[in-house]
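What you see below is based on every heavy atom in this structure, not just the backbone, and it leaves out hydrogens, waters and symmetry mates.
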Amino acid sequence: MEKKILSIVVPSYNAEKFLDRSIPSMLIEDILSDIEILIVDDGSKDNTGEIADLFEAKYPNTIKAVHKENGGHGSTINTGISIASGKYFCVLDADDWMDSEKFKELVFKLKKIDSDLVLFDFNYVSEDNKILHHKKFKSFPVNKEFLLENYITKIPVLANNQWIGIHNYCIKTNILFDNQVRLHEHHFYVDQEYILYSLCYVKTVTYLNITVRNYLYGYNEQSSSVKSKQKNYLQYKEVIEYLINFYKEKKSNLSLNYRKYYCRHIAWFNSGLYSTYLSFPYSSEVKNELYKFDKSIKSNALDVFKANRNIAILALRITKFSLFRFGAVLYKKIFVK
């Protein structure tokens with residue numbers, strides 16, 4: 001059987017209400033023989049597994065249902081990497097979906113591309129299907145291959161701009177497999193591991209300015225919600241440590257441009273933990289815990305520490321966190337509903 005051009009891993013935990021939108025968005029007749037959809041049922045307690053089996057039964061040459069014990073988002077991606085047969089690999093969370101026509105265009109274009117990484121545009125979409133943000137790159141050449149080395153420092157890493165993330169990341173499967181890219185299991189926020197553990201092996205990139213994916217954003221069950229970050233902040237902190245350790249391990253082999261990007265990306269991700277601490281009810285214990293964490297970043301990875309240019313974090317540092325109470329009140333007033 002001819003090798004597939006694209007493997008799409010669909011991490012699925014209790015996703016029964018989403019799969020009937022996400023999976024059909026990729027089932028276009030013209031490309032069924034070119035794609036492989038891996039629905040990874042992560043020990044779901046609802047009908048996710050049964051729905052996945054029904055899709056596989058109907059599309060046996062395109063869809064594979066994989067059932068496993070619960071291990072978290074990282075374990076589903078690890079499973080996908082280990083069994084994917086496509087030339088390229090991407091992740092589509094079960095609550096997201098593709099623009100079918102643009103997805104077909106992506107697959108057709110992948111047949112003519114041999115870059116290590118292919119990037120595309122995507123939309124942030126609300127629960128009522130309103131487009132909240134359109135994410136695209138403004139500094140990349142369009143529809144032609146370029147060296148990431150020459151452009152990586154031009155990539156914004158602020159949340160309101162475009163950045164390289166799991167939502168627009170289509171990478172050669174062999175890069176993931178050959179370099180044994182594996183994410184921590186039973187953790188949230190490992191999408192950052194997925195990007196930074198693999199990006200250092202990427203040399204060539206093609207950017208397609210087509211809006212392929214719709215990313216459902218803003219509902220309370222998401223790991224990016226304030227409540228989820230409060231509940232799982234220790235996991236967030238651990239992932240930061242994993243990223244820093246990986247960066248330090250690879251640092252000597254990275255060019256100056258790659259090192260700058262890694263520091264900026266990790267520093268941006270760190271900022272989310274600071275905001276989580278600000279979202280908690282104020283106490284001196286919470287403030288001191290964040291202060292100790294900030295000091296540990298400085299002592300463990302000074303270049304990452306210096307790369308954080310967030311104004312609120314800089315203000316906390318300059319005042320030795322004496323502004324923490326004020327910042328907590330302001331943060332809750334603006335961001336916590």
Side-chain angles (χ1 to χ4, degrees), residues 124 132-133 135 138-139 152-167 187-193 195-196 215 217-220 222-245 247 259-337:
Y124 275 68
L132 303 174
H133 304 288
K135 301 297 185 178
K138 297 180 180 180
S139 57
I152 193 167
T153 57
K154 299 180 181 180
I155 303 169
V157 291
L158 296 175
N160 290 331
N161 292 302
Q162 178 60 299
W163 73 103
I164 293 176
I166 200 169
H167 312 300
H187 279 69
F188 289 95
Y189 316 112
V190 293
D191 55 322
Q192 303 303 320
E193 290 187 309
I195 301 304
L196 295 187
Y215 168 49
Y217 181 78
Y219 69 100
N220 289 330
Q222 283 183 303
S223 61
S224 58
S225 69
V226 172
K227 288 183 178 180
S228 180
K229 286 183 178 179
Q230 289 176 333
K231 180 181 178 181
N232 301 298
Y233 82 100
L234 291 178
Q235 292 183 23
Y236 199 126
K237 186 184 293 187
E238 288 178 345
V239 172
I240 291 171
E241 293 172 357
Y242 298 147
L243 295 176
I244 288 175
N245 289 337
Y247 165 68
R259 291 201 300 270
K260 286 181 178 178
Y261 178 77
Y262 269 68
C263 287
R264 290 171 57 238
H265 191 119
I266 297 171
W268 162 77
F269 182 60
N270 285 4
S271 300
L273 183 64
Y274 290 78
S275 64
T276 301
Y277 274 97
L278 289 170
S279 73
F280 283 122
Y282 172 80
S283 71
S284 59
E285 289 79 11
V286 171
K287 181 186 78 171
N288 291 335
E289 186 176 330
L290 179 58
Y291 179 58
K292 289 179 181 178
F293 171 76
D294 190 65
K295 287 181 66 177
S296 72
I297 297 294
K298 185 177 182 179
S299 62
N300 192 34
L302 184 60
D303 44 358
V304 173
F305 179 87
K306 290 182 176 179
N308 200 321
R309 309 309 300 167
N310 182 288
I311 294 175
I313 294 173
L314 293 177
L316 288 174
R317 288 174 175 172
I318 291 171
T319 62
K320 295 185 178 180
F321 284 70
S322 64
L323 285 179
F324 182 83
R325 185 194 292 267
F326 172 76
V329 171
L330 188 62
Y331 181 85
K332 291 186 204 44
K333 186 172 183 179
I334 297 174
F335 296 107
V336 180
K337 305 299 182 183

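Contact check for Val239 versus Leu243: side-chain heavy atoms found under the 4.5 Å cut-off. At a threshold of 4.5 Å between non-hydrogen side-chain atoms, the residues Tyr262 and Asp303 do not count as touching. Side-chain contact between Lys237 and Tyr277 is present, with heavy atoms from C-beta onward closer than 4.5 Å. At a threshold of 4.5 Å between non-hydrogen side-chain atoms, the residues Leu278 and Phe324 count as touching. Residues Leu234 and Glu238 are not in side-chain contact: their nearest non-hydrogen atoms beyond the backbone lie 4.5 Å or more apart. Between Glu289 and Tyr233 the shortest side-chain heavy-atom distance falls below 4.5 Å. Inter-residue side-chain proximity for Leu196 and Tyr261 is flagged as met; some heavy-atom pair is nearer than 4.5 Å.
For the residue pair Ser296 / Asn300, no side-chain donor-acceptor distance below 3.5 Å is found, with atom types taken as modelled. No side-chain donor-acceptor contact under 3.5 Å links Asn308 and Tyr274.
To the nearest 0.5 Å, atoms CG (Asn270) and CG (Asp294) are separated by 9.0 Å. Here the CG-OG1 distance, from Leu314 to Thr319, works out to 10.5 Å after rounding to the nearest 0.5 Å. We find the NZ-CZ distance between Lys295 and Phe321 to be 10.5 Å, quoted to the nearest 0.5 Å. Distance check: Leu302 CG to Cys263 SG gives 9.5 Å after rounding to the nearest 0.5 Å. The distance from the CD1 atom of Ile166 to the CD atom of Gln192 is 9.0 Å, given to the nearest 0.5 Å. The line from CD1 of Ile311 to CZ of Arg309 is 10.0 Å long, rounded to the nearest 0.5 Å.
Residue Leu316 comes nearest to Leu323 through the heavy atom pair CD2-C, 3.8 Å, listed as atom of the first residue, atom of the second, then distance. Here the closest heavy-atom approach between residue Ala307 and residue Arg264 is recorded as CB-N, 4.0 Å. Taking all atoms of both residues into account, the shortest heavy-atom contact from His187 to Tyr242 is NE2-OH, 3.6 Å. Of all non-hydrogen atoms in Pro281 and Val286, the two that sit nearest each other are O-CG2, 4.1 Å. The shortest non-hydrogen separation linking Ile164 to His265 is O-CE1, 3.8 Å. Closest approach of Phe293 and Ile240 over heavy atoms only: CZ-CD1, 3.9 Å.
In this structure a side-chain-to-backbone donor-acceptor pair under 3.5 Å is present from Asn245 to Glu241. Judged by distance alone, the side chain of Gln230 and the main-chain N or O of Ser279 form a donor-acceptor pair under 3.5 Å. The backbone N or O of Tyr189 lies less than 3.5 Å from no partner atom in the side chain of Tyr236, so there is not a single donor-acceptor pair.
Other residues, nucleotides and ligands contribute at most 12 non-hydrogen atoms within 6.0 Å of the CZ atom of Arg325.
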Step-by-step side-chain hydrogen bond (donor to acceptor under 3.5 Å, both in side chains) determination, Asn232 to Ser228: CA-CA 6 Å; Asn232 301 298; Ser228 180; 3.3 Å; yes

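Under the 30°/60° scheme for interplanar angles, the aromatic rings of Tyr217 and Tyr215 are found to be tilted.
Taking the ring axis of Tyr282 as reference, the NZ or CZ atom of Lys287 does not stay both within 45° of it and closer than 6.0 Å to the ring centre.
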